[in-house]
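Protein chains get the first letters and strands the later ones, always in sequence-line order, with residue 1 at the start of each. Quick caveat, the model's predicted, so the values are computed rather than measured.
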Amino acid sequence: EDQVTQSPEALRLQEGESSSLNCSYTVSGLRGLFWYRQDPGKGPEFLFTLYSAGEEKEKERLKATLTKKESFLHITAPKPEDSATYLCAVQLYNFDNAGNNRKLIWGLGTSLAVNP
Amino acid sequence: EADIYQTPRYLVIGTGKKITLECSQTMGHDKMYWYQQDPGMELHLIHYSYGVNSTEKGDLSSESTVSRIRTEHFPLTLESARPSHTSQYLCASSDFSSNQPQHFGDGTRLSIL
């Protein structure tokens, strides 16, 4: 069964304390992996797309990496404004009869709190 | 920056009412989606569309219906709201290329009394 698991469920850091969030997946065929950030009462905000093992993407204090079984979102020297829920979603090679690929499997997210 | 708008942001309404949740995007995206999100649960796809006059049901069974008469507009309708419909509804859109990310609106929080 295709599955995406994020860990930890919740993480509390002190400002400046670097850490990593994990997104592990067991899927039949990975087409892409997406990271999103979601603030309370808002929709998910797109951060990164990773397509193949070994790929890395960076944006400010965030760096996403991908292996054949998992992805990490590294947060370097976080600030309180980095507090949010971080979601991971995996796109499969799954096409409907019209040739469209819509299948995304979402993790439950990691709730990150950064204390000043 | 994504330009996708949902209205209303919050709606509290009584049982049996007909409700339409609006979603519009200004990016010219062909694909649009509706998700349900409940606290502590993953996003569940309830409807999607690949273009005008194209609509499909998603993975989660829903009593709602959708229409796609214009590229930029993808409204969701509940003919007769029930307390079980209470949830956060998120609209998203993406470019036609199959592995492009989805961009989300800020959602409608719906409460049915």
Side-chain angles (χ1 to χ4, degrees), chain A residues 1-7 9-10 23 25 27 29-52 55 57 59 64 66 71 84-111, chain B residues 1-10 21 23 25 27 29-51 53-60 87-111:
Chain A
E1 182 185 350
D2 298 318
Q3 196 168 357
V4 173
T5 304
Q6 290 190 246
S7 61
E9 287 185 19
C23 171
Y25 57 91
V27 298
L30 177 74
R31 187 169 175 83
L33 185 143
F34 304 95
W35 281 100
Y36 287 83
R37 168 194 171 127
Q38 186 173 24
D39 293 298
K42 297 287 188 74
E45 176 190 348
F46 170 69
L47 294 173
F48 303 111
T49 308
L50 301 166
Y51 295 108
S52 57
E55 189 174 1
K57 294 273 181 73
K59 179 181 178 180
L66 181 66
S71 177
T85 295
Y86 290 85
L87 299 171
C88 167
V90 168
Q91 186 172 35
L92 308 182
Y93 278 100
N94 181 294
F95 295 86
D96 63 21
N97 291 335
N100 297 305
N101 184 327
R102 59 148 177 92
K103 186 71 173 179
L104 277 184
I105 300 179
W106 291 85
L108 291 176
T110 293
S111 176
Chain B
E1 185 176 333
D3 296 309
I4 181 163
Y5 307 100
Q6 292 187 242
T7 57
R9 288 294 317 279
Y10 305 93
L21 308 185
C23 176
Q25 50 97 5
M27 296 169 284
H29 286 166
D30 290 300
K31 297 181 180 179
M32 296 190 74
Y33 313 82
W34 277 102
Y35 288 89
Q36 249 184 273
Q37 185 180 34
D38 294 305
M41 305 291 289
E42 67 263 43
L43 274 74
H44 287 291
L45 181 69
I46 52 174
H47 296 285
Y48 63 101
S49 168
Y50 285 119
N53 295 325
S54 150
T55 60
E56 298 287 345
K57 290 190 179 295
D59 301 316
L60 182 66
S87 187
Q88 166 96 332
Y89 291 84
L90 290 165
C91 181
S93 72
S94 66
D95 192 32
F96 187 78
S97 300
S98 60
N99 58 356
Q100 292 301 303
Q102 296 177 16
H103 297 278
F104 286 81
D106 281 338
T108 294
R109 180 158 297 282
L110 179 64
S111 295

Item to check | B:Q37 portion near chain A, given a 4.5 angstrom heavy-atom threshold | outcome: side chain
Checklist entry - What part of B:L90 gets closer than 4.5 Å to chain A, counting heavy atoms only: side chain, backbone, both or neither? => result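 Contact with chain A is through the side chain of B:L90 alone.
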Checklist entry - For the candidates B:C91, B:P101, B:G105, which exhibits the highest count of non-hydrogen atom pairs separated by less than 4.5 Å from chain A? => result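 If we count pairs closer than 4.5 Å to chain A, B:P101 comes out on top.
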Out of curiosity, [X] [atom1] to [Y] [atom2], how far, rounded to the nearest 0.5 Å?
| X | Y | atom1 | atom2 | value |
| --- | --- | --- | --- | --- |
| A:Q91 | B:Q100 | CD | CD | 9.0 Å |
| B:L43 | A:L104 | CG | CG | 9.5 Å |
| B:S94 | A:F34 | OG | CZ | 8.5 Å |
| B:E42 | A:I105 | CD | CD1 | 10.0 Å |
| B:M41 | A:W106 | CE | CH2 | 15.0 Å |

Checklist entry - Ring centres of A:Y36 and B:F104 under 6.0 Å apart? => result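 Judged by ring-centre distance (under 6.0 Å), A:Y36 and B:F104 do meet the cut-off.
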Item to check | Under 4.5 Å from a heavy atom of chain B, the part of A:F48 involved | outcome: neither
Next on the checklist: If I measure from the heavy atoms of chain B, does A:E9 come under 4.5 Å with its side chain, its backbone, both, or neither?
Outcome noted: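 Nothing of A:E9, per the 4.5 Å heavy-atom cut-off to chain B.
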Item to check | A:K42 atom NZ, over 12 foreign heavy atoms within 6.0 Å | outcome: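 Open.
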Next on the checklist: Ignoring hydrogens, what is the shortest heavy-atom contact between A:G43 and B:D106? Give both atom names and the distance.
Outcome noted: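 Distance-wise, the nearest heavy atoms are N-OD1, 3.3 Å.
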